[in-house]
Amino acid sequence: MSRQAAFVAVAVLALATACAAPPHAVTAANVLYEEREPAGAPVPYEGRETLPASPVPYDPRETYETPAVGGRSVTSGLRGLVGVAVERLLLADEVAAAKFGTDSPITDPARERELLDDVAERSAAIGLDPRAGVRFFQAQIEAGKTVQRRLHARWLADPASLPRRRPDLATELRPRLDALTPRVLRLLHQAGPVRRWPAACRSHLAVARAAVEARTRLDALHRDALTVALTPVCEAPVA
């Protein structure tokens with residue numbers, strides 16, 4: 001065999017070996033969660049890889065201090081509701097890290113039912129229609145699971161991007177999520193006047209959301225999840 005022919009044979013063999021090798025050595029032994037994105041390429045995760053060390057800071061001004069239905073007081077109040085929804089979504093990143101590679105499923109029916117039962121009870125106690133409170137929190141749950149699924153898909157595709165720290169789900173994260181519940185329900189209840197007028201509500205909500213997104217610089221993944229989380233805000237009240 002000539003020197004040139006030998007060189008070509010070696011190059012072809014190297015190319016075939018590279019194409020056959022898997023991009024990452026991820027095995028079933030170290031990835032146990034059962035809920036994945038539909039078959040196909042993982043959903044791209046755009047934006048910065050590190051989130052703020054603390055959630056969106058609570059601003060006591062972002063409440064309904066006046067009974068006015070129009071103007072800045074409404075937008076300010078909705079901004080508070082959007083802000084606390086963002087806080088929950090940022091915590092969903094840590095929940096995803098806590099569950100990844102363990103036998104903790106993304107969907108936990110018992111935990112969800114426990115949360116929704118608590119929401120219904122708390123809603124009734126403050127004069128909010130329990131159906132409205134439960135519907136809003138169902139959306140928060142789905143938004144959080146959207147974040148978890150897409151982060152898990154991303155980490156499967158790129159194990160090097162896995163967070164270095166695994167927070168404790170039971171003792172660290174769930175208490176922080178539960179602590180947000182009364183505040184969410186209070187802001188949702190205070191939004192009652194504008195929620196009766198869906199068209200005006202959507203207009204004010206768009207302004208409030210833009211303000212919060214500008215402040216928090218959410219990436220594409222969290223903006224998509226926020227859309228899910230805010231879906232019930234301006235739905236017509238249940239008769």
Side-chain angles (χ1 to χ4, degrees), residues 43 46-47 52 55-92 112 115-150 177 180-239:
V43 179
E46 302 174 5
V56 182
Y58 171 55
D59 184 346
R61 296 171 298 176
E62 294 181 352
T63 59
Y64 294 87
E65 299 296 345
T66 71
V69 176
R72 293 183 179 179
S73 62
V74 170
T75 298
S76 177
L78 287 174
R79 190 165 63 242
L81 186 60
V82 175
V84 76
V86 169
E87 287 190 50
R88 284 186 56 90
L89 289 179
L90 296 183
L91 283 173
E112 292 176 16
L115 172 59
L116 295 177
D117 287 345
D118 181 61
V119 164
E121 183 176 341
R122 288 178 180 274
S123 297
I126 64 172
L128 173 66
D129 186 338
R131 294 171 297 179
V134 168
R135 172 71 185 95
F136 188 77
F137 266 86
Q138 285 174 327
Q140 307 319 295
I141 291 170
E142 290 307 311
K145 291 194 290 189
T146 295
V147 171
Q148 292 179 55
R149 291 188 184 105
R150 291 177 64 174
L177 287 166
L180 292 175
T181 300
R183 183 171 147 213
V184 173
L185 292 174
R186 174 176 57 83
L187 289 167
L188 184 63
H189 181 40
Q190 292 173 340
V194 72
R195 294 181 67 232
R196 296 191 186 100
W197 305 93
C201 178
R202 286 191 290 270
S203 177
H204 285 293
L205 182 62
V207 174
R209 175 174 178 168
V212 173
E213 288 186 355
R215 187 177 70 194
T216 57
R217 295 182 294 177
L218 294 180
D219 58 27
L221 166 57
H222 293 85
R223 290 196 303 272
D224 289 347
L226 185 59
T227 296
V228 175
L230 299 179
T231 298
V233 174
C234 296
E235 289 180 345
V238 179

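Residues take their numbers from the sequence shown, with the count starting at 1.
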(message) Restricting to non-hydrogen atoms, name the atom on L185 and the atom on I126 that form the minimum distance, rounded to 0.1 Å.
(response) O-CD1, 3.7 Å
(message) I want to check something: taking the side chain as every heavy atom from C-beta on, are C201 and V233 in contact at a cut-off of under 4.5 Å?
(response) yes
(message) As an exercise, state the distance from CG of L78 to CD of Q190, rounded to the nearest 0.5 Å.
(response) 10.5 Å
(message) Within the structure provided, determine whether H222 and T216 are in side-chain contact (heavy-atom separation under 4.5 Å).
(response) no
(request) Grab the two heavy atoms, one from C234 and one from R202, that are nearest each other, plus how far apart they are. (result) SG-N, 3.4 Å
(request) Compare every heavy atom of L187 with every heavy atom of G77, then report the nearest pair and how far apart it is. (result) O-CD2, 4.3 Å
(message) If you define the side chain from C-beta out and look only at heavy atoms, does anything of R122 sit under 4.5 Å from D118?
(response) yes
(request) For residues L89 and L218, determine if any side-chain heavy atom of one lies less than 4.5 Å from a side-chain heavy atom of the other. (result) no
(message) Tell me if a side-chain donor or acceptor on H204 pairs with a main-chain N or O of V194 at a distance below 3.5 Å.
(response) no
(request) For residues L116 and Q138, determine if any side-chain heavy atom of one lies less than 4.5 Å from a side-chain heavy atom of the other. (result) yes
(message) Test side chain to side chain contact (heavy atoms under 4.5 Å, CB included) on E142 and T231; report intermediate values, then the result.
(response) CA-CA 11 Å; E142 290 307 311; T231 298; over 6 Å; no
(message) For F136, is there any backbone N or O sitting under 3.5 Å from a side-chain donor or acceptor partner on Q140?
(response) yes
(request) Check T146 against L221 and note the closest heavy-atom contact, atom names and distance. (result) O-CD1, 4.4 Å
(request) Using a 4.5 Å cut-off on heavy atoms from C-beta on, say whether the side chain of R195 contacts that of L188. (result) yes
(request) Evaluate the side-chain proximity of E213 to L226: yes if any heavy-atom separation is below 4.5 Å, no if none is. (result) yes
(request) Verify whether one side chain among R209 and T227 offers a donor that lies under 3.5 Å from an acceptor in the other. (result) yes
(request) Give the minimum heavy-atom separation between A124 and P130, together with the two atoms involved. (result) CB-CG, 4.0 Å
(request) Quick one: pull up CG in L177 and CD in E87 and give me the separation to the nearest 0.5 Å. (result) 10.5 Å
(request) Provide the closest heavy-atom pair for A139 versus V228 in the form atom of the first, atom of the second, distance. (result) CB-O, 3.6 Å
